[in-house]
Amino acid sequence: MVILTELPPGSSSTHDYRYDVFLSFRGRDTRLGFTNHLYEALKNANLTTFLDDEEIETGEDLKPELENAIKASRAFIVVLSVDYASSTWCLNELVLILDQHRNYGRILIPIFYHVEPTDVRKQQSSFGDAMAKHKQRMETEESAEKKSQWARNIELWEKALTEVADLKGKDAKKSVTTFLPHSCASMM
């Protein structure tokens with residue numbers, strides 16, 4: 001079990017990390033409820049936490065600030081919700097987060113928020129529907145270059161969803177507070 005309070009105070013500056021935690025989530029699913037509560041709990045535990053306040057349109061590339069924030073984070077919490085995979089932005093974040101986890105040993109905690117890990121792993125249910133829509137969009141693309149880019153992205157996204165689902169995560173339906181710092185658990 002990873003306890004986020006094990007991150008030493010000031011860990012951001014001593015290891016060139018700007019953030020202790022980067023939250024990846026689908027805004028319309030969780031922003032006004034679960035994610036905001038989680039963000040506040042992490043802040044109250046004195047963990048410097050990145051939370052993007054903007055909704056990004058489908059098909060847009062990651063902003064450089066987001067890429068930099070991911071690279072400057074020591075740990076990641078990915079809130080996998082019903083519409084997470086419908087966002088190419090979220091999927092691109094996930095690919096970069098997994099790269100940081102794999103290649104630099106960053107902590108990654110997936111939270112399955114009202115979704116089953118199996119649905120994420122096998123891209124079933126809403127995850128399957130979202131991937132099918134991305135594939136349809138690829139098929140309707142007239143530019144060969146853009147179509148090829150869509151195909152590369154879809155392959156990366158499918159691998160990323162499988163990989164994150166294979167990690168030991170938390171099920172928000174069972175116990176929201178089991179992954180929070182002890183000082184935060186009483187807030188939920």
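As the structure is a computational prediction, the values presented were derived from the model and not from experiment. Numbers for residues simply follow the sequence, beginning at 1.
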Donor + acceptor pair across side chains of T48, Y17 (<3.5 Å):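 No, because no side-chain N or O of T48 sits under 3.5 Å from a partner of the opposite role on Y17.
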
[X] versus [Y]: any side-chain heavy-atom pair under 4.5 Å?
X: I154; Y: E158; answer: yes
X: Y84; Y: S24; answer: yes
X: S86; Y: R26; answer: yes
X: L91; Y: H134; answer: yes
X: V164; Y: V120; answer: yes
X: Y39; Y: L23; answer: yes
X: L80; Y: I111; answer: no
X: I109; Y: I107; answer: yes

Which atom pair, heavy atoms only, marks the closest approach of [X] to [Y]?
X: P117; Y: A165; answer: O-CB, 3.5 Å
X: S73; Y: A69; answer: OG-O, 2.6 Å
X: L98; Y: A160; answer: CD1-O, 3.4 Å

Any salt bridge linking [X] with [Y]? Criterion: basic side-chain nitrogen under 4.0 Å from a carboxylate oxygen.
X: K147; Y: E142; answer: no
X: E163; Y: K159; answer: no
X: E40; Y: K43; answer: yes

Check: [Y] main-chain N/O paired with [X] side-chain donor or acceptor under 3.5 Å:
X: S148; Y: A144; result: no
X: R74; Y: R106; result: no
X: S87; Y: W89; result: yes

Inter-residue atom distance [X].[atom1] - [Y].[atom2], 0.5 Å rounding:
X: Q100; Y: F76; atom1: CD; atom2: CZ; value: 5.5 Å
X: L42; Y: L47; atom1: CG; atom2: CG; value: 6.0 Å
X: I70; Y: E93; atom1: CD1; atom2: CD; value: 5.0 Å
X: D119; Y: S126; atom1: CG; atom2: OG; value: 7.0 Å
X: D20; Y: N46; atom1: CG; atom2: CG; value: 9.5 Å
X: L94; Y: D99; atom1: CG; atom2: CG; value: 11.0 Å

Salt bridge (Lys or Arg N to Asp or Glu O under 4.0 Å) against K133, all qualifying residues, sequence neighbours excluded: none

Residues that F50 engages under ring pair (Phe, Tyr, Trp, His ring centres under 6.0 Å), provided they are two or more places apart: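 For F50 the ring pair (Phe, Tyr, Trp, His ring centres under 6.0 Å) partners, ignoring immediate neighbours, are Y19, F22.
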
Stepwise side-chain hydrogen bond (donor to acceptor under 3.5 Å, both in side chains) check, Y113 with T35: CA-CA 10 Å; Y113 185 78; T35 300; over 6 Å; no

Residues R121, L161; criterion side-chain contact (heavy atoms from CB on, under 4.5 Å); working and verdict: CA-CA 6 Å; R121 181 181 301 106; L161 289 169; over 6 Å; no

Trace of the side-chain contact (heavy atoms from CB on, under 4.5 Å) decision for F127 with V115: CA-CA 9 Å; F127 286 82; V115 298; 3.8 Å; yes

Derivation of the side-chain contact (heavy atoms from CB on, under 4.5 Å) call for N153 and T88: CA-CA 9 Å; N153 284 342; T88 58; over 6 Å; no

Verdict with supporting geometry, T162 and Q123, side-chain contact (heavy atoms from CB on, under 4.5 Å): CA-CA 8 Å; T162 300; Q123 285 103 63; 3.5 Å; yes

